[in-house]
Amino acid sequence: ASLESYAAQATAAPEQTDAFWMPFTANRQFKKTPRLLASAEGMYYRSTDGREILDGTGGLWCVNAGHARPRIVQAIQQQAATLDFAPTFQMGHPLPFVLAERLAGIAPAGLDHVFFTNSGSESVDTALKIALAYHRVRGEGQRTRLIGREKGYHGVGFGGIAVGGMVNNRKFFGPMLPGVDHLRHTLDLQRNAFNRGLPKHGVELAEDLERLVQLHDASTIAAVIIEPISGSAGVVLPPEGYLKRIREICDKHGILLIFDEVITGFGRVGQAFAAQRFGVTPDLITTAKGLTNGAVPMGAVFASGKIHDAFMHGPEGAIELFHGYTYSGHPLACAAALATLDTYAEENLFQKAIELGGYWEDAIHALKGLPNVIDIRNFGLIGAVELAARPDAPGSRGYEVFSRAFHEQNLMVRCTGDVIALSPPLILNREHIDRIFDRLAATIRATA
Ligand SMILES: Cc1ncc(COP(=O)(O)O)c(CNc2cccc(C(=O)O)c2)c1O
């Protein structure tokens with residue numbers, strides 16, 4: 001029989017099974033008002049009920065080049081038919097070597113080595129393990145403490161939730177990793193509400209790191225992990241000077257700095273990485289999402305020569321790092337990533353957040369004064385509109401705007417609590433920006 005697409009084989013209302021346990025979803029509520037996407041192209045999804053949905057979130061912060069780009073599609077198709085899978089444990093195939101070189105070429109200076117994973121969570125766990133092992137191979141194995149931040153999101157691995165700071169991602173899962181501390185977050189609606197771009201207030205919060213050093217002694221601290229801009233907690237921006245100060249304190253005490261750029265990487269803030277936009281170079285960068293335009297799962301950890309070379313000693317026959325995944329450097333993911341990087345380069349998409357950042361800023365801040373809007377935050381092509389929580393049901397207003405936007409305004413946004421977050425594909429133009437915010441404003445007005 002002709003290979004009818006599996007999607008075409010789906011029964012009506014496929015979501016009505018309990019077989020698929022949906023991630024980070026209110027499964028029962030979803031089944032009552034399902035939201036199913038059938039196809040996608042460019043800036044738009046098409047829902048299974050035939051509506052054209054404007055994608056205000058790049059899927060989940062990952063489709064930076066827009067949907068179904070031919071070069072990426074063809075790369076995946078050809079690769080699947082040529083070399084579907086090959087191991088990279090004591091075996092290899094050319095693509096991860098080619099891709100790692102390409103990635104080193106766009107990374108901040110010195111971050112020349114790439115370890116491949118399959119997701120942001122795996123990239124975070126990989127970076128944390130590399131940091132711990134780095135100190136051990138250098139004879140400072142007593143540096144075992146990891147430091148994260150309140151409101152930090154570093155995926156859902158045990159390492160990521162231990163350094164993370166989102167209570168619901170932690171409280172269900174027991175004691176997690178020992179020896180983890182947290183800096184205060186930098187969200188400040190009192191002093192920075194409706195601020196355009198980076199907040200003016202809060203640089204002093206970086207001194208929390210110095211306090212933790214005084215408490216634990218630098219000799220026990222391995223690394224600090226920070227999202228230059230955190231998306232998942234509702235878009236928390238770094239106050240001016242904050243990242244630079246964190247870097248200074250890390251340097252002073254020999255603590256490794258990890259930037260978690262799963263969201264900010266690959267053009268989201270107007271450069272390949274936020275590290276370059278903010279002029280602060282970490283020792284490790286974790287990435288995923290935009291690396292393959294979301295088309296095939298892949299993550300990558302960028303490591304400095306100092307870190308990589310610290311492992312490359314001892315007998316040549318010894319495995320230097322006992323870590324890795326079956327799919328590290330997977331052929332399809334590599335092909336998708338190479339085609340994605342070509343697309344970013346050919347269309348100069350990393351510049352877009354610079355070119356359109358001002359227009360985007362004016363457009364999102366025009367929502368000030370709408371009912372229940374208590375803050376608006378933006379940087380690059382990231383945006384957040386914070387809504388006042390309903391006293392009896394925090395998060396319900398945000399969910400209602402998210403749901404109504406999809407069902408009534410044909411607009412896809414993200415909601416995290418009562419924050420509406422936006423991170424559109426970088427191929428958008430001014431007309432798309434107008435459409436996003438016209439539809440969002442109408443939704444907010446229609447939501448009590
Ligand atoms: C900074 C950061 N680190 C790690 C992860 C985990 O990546 P994986 O999911 O690929 O394991 C993320 C992912 N961030 C993420 C994922 C899904 C939804 C949202 C949202 O804010 O709505 C954010 C992230 O934003």
Side-chain angles (χ1 to χ4, degrees), residues 22-26 35 55-64 116-128 146 148-166 168-170 185 187 224-238 243 258-266 268-269 273-275 282 284-302 325 327-328 330 333 336-337 377 379-380 382-386 395 398-399 401-403 405-406 412-424:
M22 297 177 76
F24 276 113
T25 297
R35 290 175 287 274
D55 181 0
T57 69
L60 269 184
W61 314 76
C62 53
V63 186
N64 293 8
F116 288 116
T117 72
N118 305 290
S119 67
S121 298
E122 290 185 1
S123 288
V124 165
D125 279 1
T126 298
L128 296 175
L146 299 168
R149 274 196 311 183
E150 295 170 350
K151 290 186 182 290
Y153 183 68
H154 301 291
V156 294
F158 274 96
I161 62 174
V163 295
M166 295 173 74
N168 281 328
N169 297 357
R170 296 161 52 86
H185 66 76
L187 188 61
V224 181
I225 182 166
I226 279 182
E227 303 152 273
I229 294 176
S230 80
S232 308
V235 183
V236 182
L237 298 169
L243 295 174
I258 304 169
F259 272 3
D260 188 347
E261 295 221 30
V262 168
I263 278 185
T264 54
F266 301 102
R268 183 58 53 197
V269 295
F273 298 97
L284 291 154
I285 295 181
T286 53
T287 71
K289 292 188 191 285
L291 169 57
T292 57
N293 199 37
V296 176
M298 188 182 221
V301 176
F302 293 71
Y325 305 93
Y327 300 134
S328 287
H330 190 286
R377 300 185 285 277
F379 192 84
I382 294 175
V385 178
E386 180 145 2
Y399 174 78
V401 167
F402 157 73
S403 177
F406 182 82
M412 188 159 107
V413 297
R414 277 296 288 162
C415 74
T416 173
D418 288 303
V419 178
I420 301 299
L422 298 136
S423 59

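In listed order, ligands and their atoms are each counted from 1. One-based numbering along the sequence shown.
- Taking Tyr399 as the reference, Phe402 meet the ring pair (Phe, Tyr, Trp, His ring centres under 6.0 Å) condition, with sequence neighbours excluded.
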> Given the rule in the side-chain contact (heavy atoms from CB on, under 4.5 Å) test, do Ile382 and Trp61 qualify, once you have shown the distances and angles that lead to the verdict?
Replying inline: CA-CA 9 Å; Ile382 294 175; Trp61 314 76; 4.2 Å; yes
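- When heavy-atom distances to ligand 1 are checked against 4.0 Å, the residues falling inside are Leu60, Trp61, Ser119, Gly120, Ser121, Tyr153, His154, Gly155, Glu227, Ser232, Asp260, Val262, Ile263, Lys289, Arg414, ordered by chain and number.
- Within the 3.5 Å criterion, the main-chain N or O of Ile161 finds a donor-acceptor partner in the side chain of Arg170.
- Although no hydrogens or angles enter the test, the distance criterion places no donor-acceptor pair under 3.5 Å between the side chain of Ser123 and the main chain of Ser121.
- Here His154 contributes atom NE2 and Thr286 contributes atom OG1; the two are 8.0 Å apart, rounded to the nearest 0.5 Å.
- In this structure, Asn118 CG and Tyr325 OH are separated by 7.5 Å, a value rounded to the nearest 0.5 Å.
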